[in-house]
Amino acid sequence: MRMTTAVHDAVPAATAPGEVLVATSGLTKTYGSLRALDGASLRVQPGCTALLGENGAGKSTLIKLLLGLNAASGGSARVLGFDPATHGPAVRARVGYFPEHDCLPNDWQAQDFVRQMGEVRGLPPRIAVQRASDVLAQVGLAEERYRPIGGFSTGMKQRVKLAQALVHDPQLVLLDEPTNGLDPLGRDQMLELVQRVVHEMGINVLISSHLLADVQQVSDAVILLDRGHVAAQGGLRELLADTDTLLIELIEENPAFVARLRAAGLRVDGGGRDLRVPLTGEAVFDTVRDAAADSGAGLARLKRGARSLEEVFLSGTGNGARTAAP
């Protein structure tokens, strides 16, 4: 799907695995006495990265700083190799932006609006027309593209916002709460589109959300914001890994095995065939092996434990209960 136009000339190569698309250091934004972003240092690599946090955590503020729409109060940022504070137009020519709030012109046809956004971002008029048709078809609005946007449902309007963010074939798309206002079916469809953007179109995504289920469904990595601070960041698997717990699955229940583990000083949780013990060191594996041999227990599986994303959120913020709902 990637195209070649003057829009992408001189773009620093930043799409190989392990390279950095976005990097900030001590990024700060204040509004009077309010510190909306407070010394945020983060890195975004290729794929789909989720910017997770409660409403008011600083997600939208960060996105606007990355686009060069607002000036930072302190710190620095690089987006695709550019400083958005001094090269905002260069960043916006190479980055797509899906705003949180409804900002679409109701009296415009979807085709004309998306075409116009392509021209604003530097596409020649003829290419902008074709690209508008292509991306509207990609988001499922091929038949509706000549209808006025004002008659669209919420889900269709969200798709128009996604189409205009993709029209110039950016290297990176910033999606600010793209499932806001959608019913469960609409949310699932939007998240499927996000996955297609990454895996079929080859466009990197930074998706802002306060919904844990959305983040876990689409993201490769997570940046957790809490009251303007980066509370945690890393690959999703890395963040969910629990190196402090060993999960034991038995072929069949064996009370003698449990008794031997406890006699060896291990706390045993769970019951029946599924048990959990603290993983305090590699010696625990030897203890489990010996207990199984002594008791005749059949081990079906040993696995390091995993945390839920909700546990990561709660441990990072300490008060995520009201944003943990799907």
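Side chains included, hydrogens not; waters and symmetry mates left out as well; all remaining heavy atoms used.
With sequence neighbours excluded, no residue satisfies salt bridge (charged side-chain N to carboxylate O under 4.0 Å, His left out) with Glu144. Listed by chain and residue number, nothing satisfies the salt bridge (charged side-chain N to carboxylate O under 4.0 Å, His left out) test with Arg260 (two or more places apart in sequence, or in another chain). In this view, Glu282 and Arg304 satisfy the salt bridge (charged side-chain N to carboxylate O under 4.0 Å, His left out) rule, not counting sequence neighbours.
Of the charged side-chain nitrogens involved, none lies within less than 4.0 Å of a carboxylate oxygen, so that Glu252 and Arg273 do not count as a salt-bridged pair. Taking the charged nitrogens against the carboxylate oxygens, Asp214 and Arg187 do have a contact shorter than 4.0 Å, which makes a salt bridge. No salt bridge links Arg227 with Asp38; every basic N to acidic carboxylate O contact stays at or beyond 4.0 Å. With respect to the salt-bridge test (charged N to carboxylate O, under 4.0 angstrom), the residues Lys59 and Glu100 do not qualify. Under a 4.0 Å N-O distance rule, the pair Glu192/Arg196 does not qualify as a salt bridge.
Side-chain contact check for Val91 versus Leu80: every heavy-atom pair is 4.5 Å or farther apart.
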Might you work through the side chain to side chain contact (heavy atoms under 4.5 Å, CB included) test for Gln195 and Val198, ending with a clear yes or no?
CA-CA 5 Å; Gln195 290 177 311; Val198 177; 6.0 Å; no
Apply the test side chain to side chain contact (heavy atoms under 4.5 Å, CB included) to residues Val139 and Gln164: give CA-CA distance (whole Å), side-chain angles for both, the deciding distance (0.1 Å), then the verdict.
CA-CA 10 Å; Val139 302; Gln164 64 80 31; over 6 Å; no
Pair Met190, Leu182 - check side chain to side chain contact (heavy atoms under 4.5 Å, CB included), show working.
CA-CA 9 Å; Met190 177 57 69; Leu182 300 181; 4.0 Å; yes
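The aromatic rings of His87 and Phe82 sit tilted relative to each other, their planes meeting at an angle between 30° and 60°.
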